[in-house]
Every structure is written in C-alpha cells, then in structure tokens.
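What follows is a single structure, written as structure tokens, with notes after it.
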Amino acid sequence: MRIVRTVTDLRAAVRSSERPVGLVPTMGALHEGHLSLIRSAREQNATVVVSVFVNPAQFRPGEDFDSYPRDEARDARLAEQAGADILFAPPVEEVYPPGFATSVEVHGLTEVLCGDPARRGPEHFRGVTTVVTKLFNMTQPDAAYFGQKDAQQAIVLRKLARDLDMPVRIEVRPTVREPDGLAMSSRNAYLSPADRERALALSRALRAAEEAVAAGRLDADDVLAAARAELAKAGVDPEYLELRSTEDLSPVERVNGSTLLAVAACIGRARLIDNTLLGGA
Ligand code: PAF
C-alpha cells in the first residue's frame, strides 16, 4: 500500500492504477465499521483508495476536533490488511490551502436531526459535503463507500452526487455493531466502562422500536414511546429521537416502507448517534 499526502501524488497514483477505483473516505481511528467498507470496496474495485483526514470544517467550535483520536501508523496497518492500495493522508494545508474560500451545501436535508442549528448545525454538513466534493475531485473514484450509521450523512451525500452530476456511485453499507449491540464509532473510545454500559440504551431503544413495529404498532407516538422507555431506563436523555422519511428526511407520523428512526445522545464525553430502518425500509 502506498501512502500519499498531496493531491498531485494521489492523482499520479490513481492514474497509474487500474479502474474501477473505489474510495473509502474516513477521518481515521479505523474500526471494524471502516474495515467492512474497505473490504466492500476491495470486492468491487481493481483499486482501493482510503482517505484519512480529520476534517476541521465539519467540527463546531468546542467540539472534539483537537482530541479526535489520531494514529496514522495503526490506520495504515489496518487499511492495508483490509485491502487498501493507496492511503491518502493529507495535511490540513493540502486540503484547505491559504485563501481557500469555497463551500458546497445541500439544502433541505441538512437543517434537521444533527443539522438542527441547536445541535451540530447545517455547518457540520457543509463541512462534510465540501470535503467529500474535494475528495471526489481529487480521487475521481468510480464508487465511494459510507456507513449506514451516519444515515443522514449518507442521504445528504447521495443528494450531493445526484444534484451535481458527480460521476460516482454512492455505496452505503450496514452499521457494524459490537456483540452487545453498540454501534461501532471512533467516539466510543471516549466512553468510560460505566458510560459504555449506558450507551447500550441506544441500540436497545432501536430494537424496542423494531419490536413495536413488528407487533403492528406503526403510529409514531407508539414507536417513539417504546424507544424512549428504553432510553429512560438507562437515564439517557436523547438530543433527538425522531422518525423521518429516508427519501427527504421529512417527519413521519406512521411507519411506512421508508422510515428512518434516528437517535443522538451525549453519554459522558461522547456524542453518539445510531439509527434503524423500520417497516422494511
Ligand atoms: O464519516 C466520516 O468519517 C466523515 O464525515 C467523512 C465522510 C470522512 C468526511 O470527513
């Protein structure tokens, strides 16, 4: 696996590689969720590029940009074992050189859930869509791989690619969970043993909602009450717990074939998100 740090070197490496090219954008601190994306990319492409870049533009002031876990040597080892051919690990100035002044914004999907101005805000997604646009332009991949755990991000990125006619297929892969149900996340590293136990309430809440739906309780109030009860048992007060359409993230009053149940909560130092697709979505 080659490690490249500049756009020029990345382009040269991609140009001399076989197509199709699959890109797995990450912020590093790789875990099994990322590795499953890299393995998927490996299965479907002749060349696999993994980017590792902790993107300052998607963090709000006061968020964990400075403390976000960084260990490039470990990431490089794991990415290579999972099948990456090229690791793109640029310094911040390579992505945002002095004078950088452009941003890319998807409207309508980025002001709710995590994008609610009282939460991470639409600026978070503007940071994501700007850097992903740049990574697509730098790499020019045939396909790019993202995790379902970041469901809103995946919906926003599909819309970005569609609206801007980007010649890249967006592939979304299932959330990878620990054996006890906790969704894998780089931020799980922030959890104390006691917080980690409380964090299980998120996946339990999602399972409770799935059971309610399986039992024919489809009204939003019923589904959300089932989920909320699990959170309450663990003393978890969610930042949000909402049913939204997977099409356009509009609120859903009754579970139908395309319903996303999304939850976010702060547990100790970690802000965690998780979700499930309900009703056969
Ligand atoms: O999902 C992430 O890790 C990031 O939001 C991404 C897509 C790599 C952009 O920085």
Side-chain angles (χ1 to χ4, degrees), residues 7 10 22-38 40-41 48-60 63-72 74-76 78-79 82 84 86-92 94-96 100 102-106 109-110 113-115 119-139 141 143-161 164 166 168-176 183-190 262 264 270-275:
V7 178
L10 173 66
L23 170 67
V24 184
T26 81
M27 297 208 300
L30 300 186
H31 51 66
E32 197 48 44
H34 300 110
L35 301 182
S36 75
L37 300 180
I38 299 172
S40 258
V48 175
V49 180
V50 174
S51 63
V52 170
F53 179 64
V54 185
N55 174 32
Q58 67 190 77
F59 290 78
R60 269 172 93 133
E63 285 190 346
D64 56 345
F65 174 69
D66 289 330
S67 59
Y68 199 82
R70 290 166 172 88
D71 185 345
E72 189 187 298
R74 177 181 172 278
D75 289 340
L78 292 175
I86 301 168
L87 186 84
F88 177 48
V92 172
E94 183 68 11
V95 179
Y96 301 116
F100 180 86
T102 302
S103 61
V104 181
E105 193 160 356
V106 171
L109 299 172
T110 57
L113 300 176
C114 289
R119 300 169 188 153
R120 301 195 81 183
E123 303 81 9
H124 162 70
F125 287 108
R126 189 193 305 144
V128 172
T129 46
T130 300
V131 83
V132 168
T133 301
K134 285 181 67 87
L135 290 168
F136 286 178
N137 285 338
M138 291 166 177
T139 314
Y145 296 77
F146 300 92
Q148 173 62 23
K149 188 180 78 73
D150 297 300
Q152 184 176 15
Q153 171 173 281
I155 290 170
V156 167
L157 292 176
R158 273 197 204 285
K159 180 96 173 108
L160 169 78
L164 295 187
M166 293 173 164
V168 55
R169 212 172 64 244
I170 304 293
E171 297 273 355
V172 180
R173 293 289 178 269
T175 303
V176 177
M184 294 214 182
S185 163
S186 305
R187 291 189 168 95
N188 290 350
Y190 301 152
R271 180 183 181 278
L272 302 180
I273 57 173
D274 202 349
N275 69 83

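Just follow the structure's listing: the first ligand is 1, and inside any ligand the first atom is 1. The shown structure was predicted, so the numbers you read here are calculated from the model rather than taken from an experiment. Quick note: numbers below take in every heavy atom, side chains included, and nothing from hydrogens, waters or symmetry partners.
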Hey, what's the ring geometry for H34 with H31, parallel, tilted or perpendicular (30° and 60° as the breaks)? tilted

Would you call the rings of Y96 and F53 parallel, tilted or perpendicular, where under 30° means parallel and over 60° means perpendicular? tilted

Should the pair R169 and F136 be classed as cation-pi, given the thresholds of under 6.0 Å to the six-membered ring centre and 45° from the axis? no

What do the steps show when you test M166 against L160 for side chain to side chain contact (heavy atoms under 4.5 Å, CB included), and what is the final call? CA-CA 8 Å; M166 293 173 164; L160 169 78; 3.9 Å; yes

Heavy-atom pair with the smallest gap, counting every atom of V104 and T129: O-OG1, 2.6 Å

Starting from the N and O atoms of ligand 1, find every protein N or O within less than 3.5 Å and list the pair with its distance.
{"from": "ligand 1", "atom 1": "1 (O)", "to": "Q153", "atom 2": "NE2", "distance (Å)": "2.8"}
{"from": "ligand 1", "atom 1": "5 (O)", "to": "Q58", "atom 2": "NE2", "distance (Å)": "2.9"}
{"from": "ligand 1", "atom 1": "5 (O)", "to": "Q153", "atom 2": "OE1", "distance (Å)": "2.7"}
{"from": "ligand 1", "atom 1": "10 (O)", "to": "Q58", "atom 2": "OE1", "distance (Å)": "2.6"}

Step by step, would you call Y68 with N55 a side chain to side chain donor-acceptor pair (under 3.5 Å)? CA-CA 10 Å; Y68 199 82; N55 174 32; over 6 Å; no

